[in-house]
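Below is one structure, written out as structure tokens, with a few remarks after it.
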Amino acid sequence: NNEVVTFINCSGIGEIAILLKLPDRPRYPEGAPVVVNVSGFFIGQAGFDIELDADRIGVIYVSYVWPGLKDRRTNAQSGGVYDYGGADCLAALRDVIRFASGEIANVDGLTIDELIDITPLTGNVGLYAFSHSGIVATNVLALHGQDLPHVKYFIGRENPTIDAMYPLEPGYYTDDRTPVFNPYYYPEDYTPTNIHIDYSTVGWLQDEEYPDGRPYFAVPDGPAYILSYKHPRLWGKDYWSAALIQALLDSGALTRETWPRNLATPEEAAANWPFRTTVHNYPLLADVLPDLKVMLVFASVDHVQLAVDKPHIHQAYDGFHHTAGLWCRLNPDPVYVENLVKPGNAFPDNTANTEPNDWMNARAWGYRAPQGSHLNTLAALAAVAEMVDRVRADNWKPNLSRVLFEY
């Protein structure tokens with residue numbers, strides 16, 4: 001694949017490293033659309049993220065390195081200080097998108113169309129975000145949308161929305177994919193901005209098996225619900241939800257004197273979580289990007305989120321569609337999936353701007369992907385192909401009977 005590494009200046013931060021992966025053949029006679037892959041910011045994937053094979057669909061794929069981090073494969077490094085999805089990360093991502101949209105030049109004064117041999121369609125730009133990177137993707141659109149007029153769509157695949165979801169407090173899968181449910185998660189109390197977990201039995205476990213300590217929920221007449229090792233680390237400290245961390249102090253499970261040095265304090269959690277959630281930012285999208293189109297991609301069985309009612313997808317749909325009033329589809333149209341792969345079982349055909357009558361049945365709206373299958377990546381690729389074609393054709397019908405452009 002044809003790769004170009006370049007740098008842009010981000011005011012007050014420094015140079016940001018950008019990777020462009022160019023297709024051998026542009027998708028359209030007039031050029032290639034551009035998709036920006038939004039990088040994860042909790043997990044230690046410091047470098048360029050090249051998860052999607054956008055060359056397969058004739059799209060220019062853009063990745064980047066967060067401020068203060070380095071890509072080991074190319075040694076490309078971004079300036080500044082890493083702030084774990086904070087204001088500097090958002091500013092850097094904003095400017096990466098502006099470069100991808102042809103709005104700003106690189107450090108040598110070259111715009112994207114001057115830098116590469118194929119024609120980038122800078123009026124057909126979108127974002128793709130897998131897992132927790134969906135938070136910064138949503139927030140850059142909400143908080144910097146006025147500077148990103150060329151962004152036409154956002155594709156979010158299995159993105160969390162609030163702090164309790166990152167450390168998988170409603171439930172998780174073990175490494176062998178055994179489901180472990182939190183008996184104190186109450187899906188019936190769902191709201192667009194919150195979920196109900198009862199933290200009144202939370203305790204702290206620290207022993208030979210858990211040397212760094214791990215929160216748990218005591219369960220009368222049953223084994224404790226011990227949380228997963230999969231949880232965020234920011235500035236060298238373990239983070240759980242603000243409510244759980246506060247509950248550890250309130251219940252006396254930990255005291256100020258016994259508080260572990262590697263655990264975020266209640267004050268740190270309360271200060272750092274709000275900026276790293278999306279649920280209160282959806283209203284802003286109605287003003288800054290009222291024509292943005294959204295696709296939420298998810299399997300029947302998520303990669304990490306266990307809750308059967310999929311509150312992360314539910315909150316995103318509520319936020320994008322009901323709160324911001326945006327066009328929103330749950331999973332790509334089957335005609336686009338079948339154009340890339342024969343799924344082998346029926347891919348759900350969910351009409352745009354519709355949702356489950358009962359979100360306890362949300363899994364039926366997801367696609368069934370056997371463990372280790374390529375359908376997860378191909379579903380995301382199909383979503384990009386569908387959205388760039390819809391932008392080009394300006395076709396936002398709720399369902400499609402055929403692929404809009406044969407590549």
Side-chain angles (χ1 to χ4, degrees), residues 3-22 34-51 60-116 120 122 125-130 132-151 154 232-237 239 268 271-276 281 288:
E3 289 187 356
V4 176
V5 175
T6 188
F7 294 83
I8 59 167
N9 276 314
C10 184
S11 176
I13 295 171
E15 292 189 0
I16 302 299
I18 296 178
L19 173 78
L20 306 175
K21 279 185 73 180
L22 309 178
V34 183
V35 63
V36 178
N37 182 83
V38 180
S39 298
F41 61 98
F42 280 153
I43 318 300
Q45 54 197 54
F48 296 126
D49 185 336
I50 48 176
E51 177 203 5
I60 297 167
Y61 179 89
V62 180
S63 185
Y64 58 91
V65 178
W66 290 121
L69 300 185
K70 180 179 182 177
D71 178 65
R72 293 185 190 91
R73 185 173 64 93
T74 62
N75 285 326
Q77 189 162 353
S78 289
V81 177
Y82 190 46
D83 66 356
Y84 294 89
D88 284 2
C89 279
L90 285 199
L93 176 55
R94 173 201 64 205
D95 287 352
V96 168
I97 299 166
R98 292 176 69 210
F99 173 76
S101 307
E103 294 247 318
I104 60 172
N106 69 3
V107 291
D108 300 316
L110 299 174
T111 57
I112 186 172
D113 59 320
E114 295 169 328
L115 184 67
I116 59 180
T122 50
V125 175
L127 306 186
Y128 168 74
F130 173 46
H132 69 275
S133 61
I135 295 278
V136 279
T138 303
N139 288 348
V140 80
L141 294 171
L143 300 174
H144 294 288
Q146 71 280 1
D147 298 324
L148 305 172
H150 298 291
V151 175
F154 166 62
R233 279 183 69 79
L234 287 74
W235 296 284
K237 290 193 175 187
Y239 271 72
E268 288 168 332
N272 291 322
W273 270 127
F275 198 79
R276 293 163 181 82
N281 288 338
V288 292

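- Of the possible polar contacts, none joining the H132 side chain to the G40 backbone as a donor-acceptor pair under 3.5 Å is found.
- Between W235 and N272, the closest side-chain pair of non-hydrogen atoms falls below 4.5 Å.
- Judged by distance alone, the side chain of D71 and the main-chain N or O of F48 form a donor-acceptor pair under 3.5 Å.
- Side-chain atoms of S78 do not come within 3.5 Å of backbone N or O of L69 as any donor-acceptor pair.
- The two residues D95 and C10 come nearest to each other via the heavy atoms OD2-SG, 3.3 Å.
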*For N9 and E15, run side-chain contact (heavy atoms from CB on, under 4.5 Å): C-alpha distance rounded to whole Å, both residues' side-chain angles, the deciding distance at 0.1 Å, then the answer.*
CA-CA 5 Å; N9 276 314; E15 292 189 0; 3.5 Å; yes
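- Ring geometry, Y84 versus Y82: the interplanar angle falls from 30° to 60°, so the pair is classed tilted.
- For the pair T122 and H150, the tightest heavy-atom approach, listed with the atom from each and the gap, is O-CB, 3.4 Å.
- Note that the CG atom of L234 and the CG atom of D83 stand 9.5 Å from one another [nearest 0.5 Å].
- Counting heavy atoms from C-beta outward, E51 and S63 have side chains that stay 4.5 Å or more apart.
- Atoms CG and OG1, from L143 and T138 in turn, are 10.0 Å apart once rounded to the nearest 0.5 Å.
- Counting heavy atoms from C-beta outward, F42 and I135 have side chains that stay 4.5 Å or more apart.
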*Just do the side-chain contact (heavy atoms from CB on, under 4.5 Å) check on V136 and W66 with the steps written out, would you?*
CA-CA 12 Å; V136 279; W66 290 121; 4.0 Å; yes
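- N37 contributes no side-chain N or O that, together with a main-chain N or O of I50, makes up a donor-acceptor pair within less than 3.5 Å.
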*Does the ring-ring contact (aromatic ring centres under 6.0 Å, His included) test come out yes or no for W273 and F275, once each step is laid out?*
CA-CA 6 Å; W273 270 127; F275 198 79; over 10 Å; no
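- Residues F7 and N106 are not in side-chain contact: their nearest non-hydrogen atoms beyond the backbone lie 4.5 Å or more apart.
- At least one side-chain heavy atom of Y61 sits under 4.5 Å from a side-chain heavy atom of D49.
- In this structure, the ring of Y128 has its center no less than 6.0 angstrom from the ring center of F130.
- Side-chain contact between V151 and I97 is present, with at least one heavy-atom pair separated by less than 4.5 Å.
- Counting only heavy atoms from C-beta outward, the side chains of V140 and V38 never approach each other to under 4.5 Å.
- When all heavy atoms of P149 and E103 are compared, the pair lying nearest together is CG-OE2, 4.1 Å.
- Here L148 contributes atom CG and R98 contributes atom CZ; the two are 8.0 Å apart, rounded to the nearest 0.5 Å.
- The heavy-atom pair separating A137 from F154 by the smallest distance is CB-CE1, 3.5 Å.
- I104 approaches F99 most closely through the heavy-atom pair O-CD1, 3.4 Å.
- Annotation: the span from L110 atom CG to L115 atom CG amounts to 6.0 Å, rounded to 0.5 Å.
- Residues V5 and A76 come closest through the heavy atom pair CG1-CB, 4.0 Å.
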*Tell me, with the steps shown, if Q77 and V65 meet side-chain contact (heavy atoms from CB on, under 4.5 Å).*
CA-CA 7 Å; Q77 189 162 353; V65 178; over 6 Å; no
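- Exactly one of L20, V62, D113, L22 qualifies for a side chain to side chain contact (heavy atoms under 4.5 Å, CB included) with P120. That residue is D113.
- Annotation: side chain of I16 is in contact with side chain of V96 (closest heavy-atom distance under 4.5 Å).
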